[in-house]
Amino acid sequence: GDSVTQTEGPVTLSEGTSLTVNCSYETKQYPTLFWYVQYPGEGPQLLFKVPKANEKGSSRGFEATYNKEATSFHLQKASVQESDSAVYYCALSDRGSGGSNYKLTFGKGTLLTVTP
Amino acid sequence: DTTVKQNPRYKLARVGKPVNLICSQTMNHDTMYWYQKKPNQAPKLLLFYYDKILNREADTFEKFQSSRPNNSFCSLYIGSAGLEYSAMYLCASSRWRLTSAETLYFGSGTRLTVL
């Protein structure tokens, strides 16, 4: 079946440093790739999504490129802020093996803590 | 207003007793979902309602039931709670049936502890 593997947390960074959260996926289909973010006390919310290979998504200073050849979708930010402290989920959406329904498959999530 | 609300925020249940979790959305979304999230595991889809049609995942088919009395409300029902049901339960909705690029809107979750 489909799977998503991302950087194991927790990740602790100082404000102003750069962030990379690795995300790799496995699927036999042609998925749309997502990054969701979950702030403390809230549910996950969409950060951005990329439906096509070789395209880049971005939001709030975060970005990721859909690399079909490497099956990767790494999240990056040049300079993190304390307000970026959250759990970040990589996810893919496709029909899965033999399925008729689309399904959103998540990674385990990466807890990021940014210290002042 | 993209709001999905879940009640209660925390729930305590006894082994062998039933549990009912509630979710509501005011966005007139066609599809509502329930996910289970355990520590160090990915959120796992349990089931979803597209309009009035219930779809349950094969590996949790017998463990969870759900009802959707109207477009706005959806419940998750556990007939006899076991210790393994302790988890965060996340409700979500999407405007239409899930397609490749559909966005899910999540509630804040209900943390269920079974003792």
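Lettering of chains follows the sequences in order, A, B, ..., and the numbering in each one begins at 1.
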Take atom CD of A:Glu26 as the centre, draw a 6.0 Å sphere, and report whether it contains more than 12 heavy atoms from other residues, nucleotides or ligands.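 For A:Glu26, atom CD is not crowded (no more than 12 foreign heavy atoms under 6.0 Å).
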More than 12 non-hydrogen atoms from neighbouring residues, nucleotides or ligands closer than 6.0 Å to CD on B:Glu62, yes or no?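 Incorrect, the count does not exceed 12.
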Please report the interatomic distance OG(A:Ser85) to CG(A:Leu111), rounded to the nearest 0.5 Å.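 Between A:Ser85 OG and A:Leu111 CG, I get 8.0 Å after rounding to 0.5 Å.
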Tell me, side chain or backbone of B:Glu57 under 4.5 Å from chain A's heavy atoms, or both, or neither?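 Side chain only.
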Chain B contact via A:Tyr30 - side chain, backbone, both or neither, heavy atoms under 4.5 Å: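 Neither part.
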Which residues from residues 43-51 of chain A are near chain B, with near meaning under 4.5 Å between non-hydrogen atoms?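 A:Gly43, A:Pro44, A:Leu46, A:Lys49 fall under the 4.5 Å cut-off.
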Restricting to non-hydrogen atoms, name the atom on A:Asp2 and the atom on A:Lys28 that form the minimum distance, rounded to 0.1 Å.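 Heavy atoms of A:Asp2 and A:Lys28 come nearest at OD1-N, 4.3 Å.
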Please find the pair of heavy atoms, one from A:Thr110 and one from A:Gln6, that lie closest to each other, and give the distance.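 Minimum heavy-atom contact is OG1-NE2, 2.9 Å.
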Go through the structure and list residues passing side chain to side chain contact (heavy atoms under 4.5 Å, CB included) with B:Leu54, not counting sequence neighbours.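 If we apply the side chain to side chain contact (heavy atoms under 4.5 Å, CB included) test to B:Leu54, skipping adjacent residues, the hits are B:Leu47, B:Tyr49, B:Arg56, B:Gln65, B:Ser66.
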Please list, chain by chain and in numerical order, all residues satisfying disulfide (SG to SG under 2.5 Å) with A:Cys23, sequence neighbours excluded.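 Listed in chain order: A:Cys90.
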Do the side chains of A:Lys52 and A:Tyr66 get nearer than 4.5 Å, heavy atoms only?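 Contact flag for A:Tyr66/A:Lys52 side chains = no.
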Between B:Ser108 and A:Glu42, does any side-chain donor sit less than 3.5 Å from a side-chain acceptor?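 There is no such pair (donor and acceptor under 3.5 Å, judged by atom type) between the side chains of B:Ser108 and A:Glu42.
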So, B:Ser86 and B:Thr113: side-chain donor and acceptor under 3.5 Å apart, yes or no?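 B:Thr113 and B:Ser86 do not have a side-chain donor-acceptor pair below 3.5 Å.
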Counting only non-hydrogen atoms closer than 4.5 Å, can you tell me which residues of residues 31-45 of chain B sit against chain A?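 Within residues 31-45 of chain B, the residues that come under 4.5 Å of chain A (heavy atoms only) are B:Tyr35, B:Lys37, B:Asn40, B:Gln41, B:Ala42, B:Pro43, B:Leu45.
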